Each structure stands twice: as C-alpha cells, then as structure tokens.
Amino acid sequence: MSTGRKRAASSSKEDRPGIKRAVKWTRQFSHAGPRFQPDYKPISGTKPLFRYAGKPLLLERNTEEVAVMYARYLCGKRRTRDIEKTLQQNFFEDWQKYMSSKEKQQIKKFELCDFSGLVKKLQEDKAKPLTKQERAAQKKKREDMMNQYKTVIVDGRRELISNFTVEPPGLYMGRGKNDNIGRVKPRIKPKDITINCDDRHIPKAPGNSKWGAIVHDKSVMWLASWYDPITKGPKYIQLHPSSKIKNDIEEEKFQTVRKLHRKILEVRKHYEKDLKSKKNETEGEYATRQIATAVYLIDNFALRVGNEKPEGATDTVGCCSLRVEHLSLLASKNIRLNFLGKDSIRYEKGHQVSNAVYDNLQDFTRDFDGKKKTKKQLLFDSIKTKHVNDYLYNLMKGQGLTAKVFRTFRATQHFEEKLEEYSKFHELKATKSTPEDDKMKMIVFKKANLAVAQLLNHQTLSKPTTKGKAIKVNEKRIKDAQYKLNNLSKGTDEHRKTTAQLVVLKHELDLKVEQRTYALGTSKTNYIDPQVSAKWCKKYKVDITKVYSKVQLGKFRWALRS
DNA sequence: GAGAGGGACTCAGAAACGTGAGT
DNA sequence: AACTCACGTTTCTGAGTCCCTCT
C-alpha cells in the first residue's frame, strides 16, 4: 500500500547551515534491511477458545490473530470506560475486515463476543516457566538474530542500528483520549518497505518477496521506512544514538545552546522591547507583541512551542496553542497555567510574570478589535509557531535558534545551578571519599536531575506499588539506624559512621518520595548537556559510568572523550 | 509569500527486560 | 546455593518539533 509513495526529492539547498540539512553519507550505506515479525501461530488448536453468543466458535487464522490482539489488551492494564468505548468500536470495525465472509455473517455484535478463553490461554502460556536450557537457547537464538541485523556500514564505519525490527501487528493504543485507539495496526511485509542504501549494497528481501521500493538518498539517515496507515505518516528504521552522525548532531545541539547562553541577555532585551504595546498599534505590531509574549513564556517556563495539530487529534497544547481556558490571571502579577501537554501530561503551575507580560496576557483574552474571546479561543490568535521560529531565527541569524533550544538551554542551566547549590549545601568533598560520601554525591546528582525533570514537567502517571514498598524499607532502615545510634556512645568511630549513614538514608528517602511522580530519564538523555555532568564528575572524583548508562555513554561519546 | 501538507528527525512515558542485593 | 523481588536499563512506538516542497 505504500509502494511508490511520493517522497520529496532531496535538495542540496543549504541556506541555513548545520549538519541536519547536510549529506549524511556518501559512498557506503549497507545493511541487512529490517527484520520482520514471525508469522502468527494460532493458539486455539481444534478446541475453540473464542465464544460468540455463548457458543464456542473456531476462528480462522487471520481472525484469531486479531482477536488475540484484543485478548492481549484485556490481559494488561485497561483504559477508563469512556475511552474503552471508542477502543471497542474501532477494534470491532477493523476486526471485521479480517474476517471471512462466513465469519462476518456470524459475528455481528461486539457485546456478544467472549474473549475470556483466549485471555485464559494467554495467561497460562505466560505463566509457564522455561527451563534453564530453554532460556539459554532462546537467548542464543536472539543474539544470533541480532548479530545479523543490528549493524550498518556507513562509509566504512560499522554503526549500530537503534530499531532494526519492524513494529509487530497489534492494536494502536496511543496516549490520552485519541480517536484511533483500538484500531488494528497491520502486519508490515517486505512489499510495504522502502529501503534506503547505497547502490552497490542492496539487501535481499526475505524468501521470494520483493521490497516496495529501493532508494539511494544520501541526505537522510534512515535505512528503511514504511507507511503507517493509522497515523498516516512514515515510520523509520534509524541509526543508533551512538553512531557518528547522531553524535555530531547531538554535539551541534548543545553548541547552539551555548550560543544562546552567550547571547541570552541580548535576546531577552530584544523580546522585552517587543512586549510593549504601541499607541494605534497595527495588526502587525500586535502580532509581534504576541510573538514576544510567547517567547517570554517559552524562555521563562521552558514550554514547548505548541504546533497546530490535525483535526481529530488528541487535544493537547503547547505555548502557541494555549486557549483562554488554560490561563488564570491572579493577583500580584501571578498567573496559573493548566493544560494537557505532550503525551497528555497535565501542566499545572503558577508563575509570576513581568508587568508587561501580565498586561499582554490580559489583552490577549480579547481579540485585536477588543472583543472578548470565548474560553475555547486561542490566546495567541494572531500568530503561528512558524512566526515564533522566524522571529528567533532573526535574533540569532544562521545560528539555529528555534523554540525548542530554550527548553534545552533552561534545562542545562537549571541543572548546573542546582548541582552547584546542592554540592555546596552537602559539602561534597573533591577528594577520595567514604562510601557515605559517594552515596551523597549520587544523591546530589539525582536531586539536580530531579529539579530539571520538575522544570520540564516530566511526570510518570503509572506509579508502581513497588515504589511505595521501597519507601517503607527505607523508613525501616532509618528507624534501625536511629535505634543503633541511641545505643552508641558519642565520639566513637561507630557513632560517627552511623550518623553519616543516617544522614544518607534520610536524603535517600526524601529523594525517593519526591521522585515518585517524576521520570528522570528523559531530561538526562535529551536535555542536560553531558559536558556539565562530566565536569562535575571530574571535580568530585565520580566515575562517569556511575551517572550514565551504557546507551547514554554511547550517545554522549562526543562530550566524554577526554 | 503564505499556507497546506508531508517528511525526517527528536523527545516521550510505559512496558519489557536484565541484574544484583538480600534472604 | 538458589530464589525472589525491587530496581535500573533498554526497548518500544507514539507524539512532538521544524523543515521543505508545492500550489
């Protein structure tokens, strides 16, 4: 279905410098192509697991495959009832497309379908423990398969691929309240794939199949792509973050941040000037005032720019798509923002703003003609995100300043400040340390990381109960240490050691409690300049491998080679 | 030259996975 | 010594940003 899909011809036009638009590879781009999902293995046998209107019904292979997708959903975490209604409708509509004409005649109503037999079977299979040998064999098979697919040679350099397997068929779930929930994602086959490689190394399609298309596009870094009919967009097989190209781009990202850092006072002076309204303001000047106000919010509160979204998409917003209903104007130049952001994560925070910004926001609850807007109308009704980025482009010509750079800039700056503050507060030693000192250093790093996650509003909605348990364990340890301390005489080494342990335990507990609703990973992987971490690690004699995982070390190779 | 549409990339939380400490 | 369980890491794929082309 994606075969012959229109692709924009690559252009060598380079009016804006940077690696992003440059050629990504020149001579060699050779790889094995994507790995495909194994064929579906029916689970029913001769005895039907599915029932319709109370009667057992043996489903045909394709029909059962899709029924199992729904059964799998039933095995896991369920969505709320209002969303589940859409899920069931979409699923049933798509499921019918997979049924034989006979089945279509028989299975007419979702309400009469009974998936419990399939659910039970799935749960039983999952509970079956594997023997040691079976597990080892499985691992070996997996490793062999990975070795076959996991690398690509880019101009003579062997690089890792991040996702070399096409997505398995299944139900589209999405996040938040979305219209596509429960739709069936089809099985991706070789004929759906566009391969991108050099013209001397074309991977062989599996079996007798043929690729949908083969291109040799040097201006992109994807290895294969296919069309996703649900999101109506392309999906890609991409290079690993540890690859040279991705490393270069990552380095460039933080170079741009540093450029902004050097120019930030100038940039702020510029947009602060544009915040002021003029007498007999023209529509153009009014739009500029909206742009400046949006940039103020992006700079000060690290908001996303908030592009327009297609009709029917999940109702989430960013700065430019804020509506009147998302803003409360409070006393003493305080405002409150309350909206669903990316991934339907709620942003609900109060901020103090400058006089000019407060007045502008108040102004923007009315349109240019002074007519009061409804709750559902856009706050920044005269501008688009493109205008914000054009404005920023002109502030730092040719240096790659866009709205998202502010988020990275603010995150890194916040991290650096908090790291410094906590290091001083906890009197970290730059010398060889005791185990307690080492633990304290990790706490300081994590606390600074947490502060960034809070700034960027990286929340976790799922709070595993285990976290509550861990907190209880920690509390008990504190109690034990306290008890031990009470029975020790002051001035002894043991007393000193236990005191230090107690301090660490208390800080660990604080961190655990605060960390419960925040995910630290995204800010560490995407927003904090690794050079800042590296510098701190060096100063306090902390092994960098203690703060970054293997994948992160690969991604940040550009910053960590000393 | 503006706006629609779409393409390619980064960023996102949840789920799956692997590991290592405690028993 | 084996087992269990909580935790950190990796994988997965959805959801953004921003750019380019076309009209």
Side-chain angles (χ1 to χ4, degrees), chain A residues 5-11 13-16 18-21 24 76-77 132 135 139 142 162-168 170 172-176 178 180-181 185 194 196 217 219-222 225 227-228 230-236 238-241 245-246 249-250 253 304-310 313-314 316-318 320-321 341-345 384-390 392-393 400 402-405 407-408 411 446 453 456-474 512 518-527 548-552 554-555:
Chain A
R5 172 170 56 89
K6 198 173 72 182
R7 283 193 349 100
S10 67
S11 149
K13 198 175 146 199
E14 254 189 84
D15 50 345
R16 294 183 186 189
I19 303 165
K20 270 187 215 155
R21 264 164 301 282
K24 305 298 193 319
K77 222 163 126 191
K132 229 175 198 171
R135 238 197 327 255
K139 201 179 167 192
R142 197 179 142 80
S162 74
N163 59 324
F164 50 78
T165 309
V166 295
E167 292 171 16
Y172 180 96
M173 297 310 287
R175 301 175 200 275
N178 72 87
N180 286 326
I181 192 164
K185 285 203 302 179
T194 299
N196 188 31
D217 190 342
S219 73
V220 295
M221 45 181 179
W222 54 262
S225 73
Y227 178 75
D228 177 2
I230 296 175
T231 57
K232 299 197 178 359
K235 291 266 174 121
Y236 303 97
Q238 299 250 24
L239 282 167
H240 196 264
I245 311 173
K246 291 255 188 191
I249 291 172
E250 187 77 357
K253 176 174 96 180
R304 296 187 188 85
V305 70
N307 282 312
E308 281 178 291
K309 300 178 82 181
T314 312
T316 59
V317 303
C320 293
S321 44
K342 183 178 180 180
D343 291 318
S344 295
I345 299 293
K384 297 268 159 69
T385 55
K386 173 146 193 319
H387 302 128
V388 171
N389 280 333
D390 286 351
L392 295 173
Y393 176 78
T402 62
K404 84 191 257 289
V405 177
R407 215 167 136 80
T408 320
K446 282 185 183 164
L456 302 181
N457 204 39
H458 287 147
Q459 296 191 44
T460 347
L461 297 176
S462 69
K463 290 176 223 162
T465 51
T466 54
K467 283 208 176 143
K469 222 175 185 175
I471 284 169
K472 277 194 189 118
V473 168
N474 206 320
K512 266 181 198 152
Y518 288 95
L520 273 53
T522 303
S523 50
K524 195 160 85 167
T525 310
N526 299 302
Y527 288 99
Y548 286 129
S549 72
K550 200 179 121 201
V551 173
Q552 287 163 339
K555 178 169 181 167

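So you know, we letter chains A, B, ... as the sequences are listed, proteins then strands, and number each from 1. For clarity, every value in this text was computed on a predicted model and none was experimentally measured.
Side-chain contact, A:K555 with A:N526: a donor N or O sits under 3.5 Å from an acceptor N or O. A donor-acceptor contact closer than 3.5 angstrom is absent between the side chains of A:E308 and A:T385.
Between A:K235 and C:dG14 there is a side-chain N or O to OP1 or OP2 distance below 4.0 Å. The side chain of A:K24 contributes an N or O atom lying less than 4.0 Å from OP1 or OP2 of B:dC9. The side chain of A:T316 places an N or O atom within less than 4.0 Å of a non-bridging phosphate oxygen (OP1 or OP2) of C:dG16. Contact check, A:N163 against C:dC12: no side-chain N or O comes under 4.0 Å of OP1 or OP2. Close to B:dG7, at under 4.0 Å from its OP1 or OP2, lies no side-chain N or O of A:S225. One finds a side-chain N or O of A:N389 lying less than 4.0 angstrom from the OP1 or OP2 phosphate oxygen of C:dC18. Dashed line: the shortest gap from a side-chain N or O of A:K404 to OP1 or OP2 of B:dC11 is under 4.0 Å. An OP1 or OP2 oxygen of B:dG13 is reached within less than 4.0 angstrom by no side-chain nitrogen or oxygen of A:K342. Contact annotation: A:Y227 side-chain N/O to B:dG7 OP1/OP2 distance is not under 4.0 Å. Checking the phosphate oxygens (OP1, OP2) of B:dG5, no side-chain nitrogen or oxygen of A:K232 falls inside 4.0 Å. Residue A:Y548 places no side-chain N or O under 4.0 Å from the OP1 or OP2 atom of C:dG8. At the phosphate of B:dG13, OP1 or OP2 sits under 4.0 Å from a side-chain N or O atom of A:T522.
Rounded to whole Å, atom C1' of C:dT10 lies 10 Å from atom CZ of A:R142. The distance between atom OH of A:Y518 and atom C1' of B:dA12, rounded to the nearest whole Å, is 16 Å. What separates CG of A:D343 from C1' of C:dT17 is a distance of 13 Å, to the nearest Å. Atom CD of A:Q238 is separated from atom C1' of C:dT13 by 12 Å (rounded to the nearest Å). As rounded to whole Å, 9 Å separates atom C1' of C:dA15 from atom CZ of A:R304.
Counting non-hydrogen atoms under 4.0 angstrom, A:Y527 reaches the backbone sugars and phosphates but no base. Using a 4.0 Å heavy-atom distance criterion, A:K253 is classed as a sugar-phosphate-only contact. Within 4.0 Å (heavy atoms only), A:A403 reaches sugar-phosphate atoms of the nucleic acid but no base atom. Within the nucleic acid shown, A:K386 has no heavy atom closer than 4.0 Å to any nucleic acid atom. Among the heavy atoms of the strands, none lies under 4.0 Å from A:P241.
Heavy-atom distances to DNA chain C give each of A:K309 and A:V551 a nearest nucleotide, and the one nearer the 5′ end belongs to A:V551. Of the two residues near DNA chain C, A:V166 and A:G318, the one whose nearest nucleotide lies more 5' is A:V166.
Side chain A:R175 to base B:dG13: a donor-acceptor pair is found below 3.5 Å.
Taking only side-chain atoms of A:E250, from C-beta outward, the nucleotide of C:dT9, B:dC11, B:dC9 with the closest atom is B:dC11. Side-chain atoms of A:K185 lie closest to C:dG14 of the nucleotides C:dG14, B:dC9, C:dT17. Side-chain atoms of A:V220 lie closest to B:dC9 of the nucleotides B:dC9, B:dG13, C:dA15. Nearest nucleotide to the A:D228 side chain, out of B:dT10, C:dT10, C:dG14: C:dG14.
Annotation for A:K309: atom NZ counts as buried by contact number, over 12 foreign heavy atoms lying within 6.0 Å.
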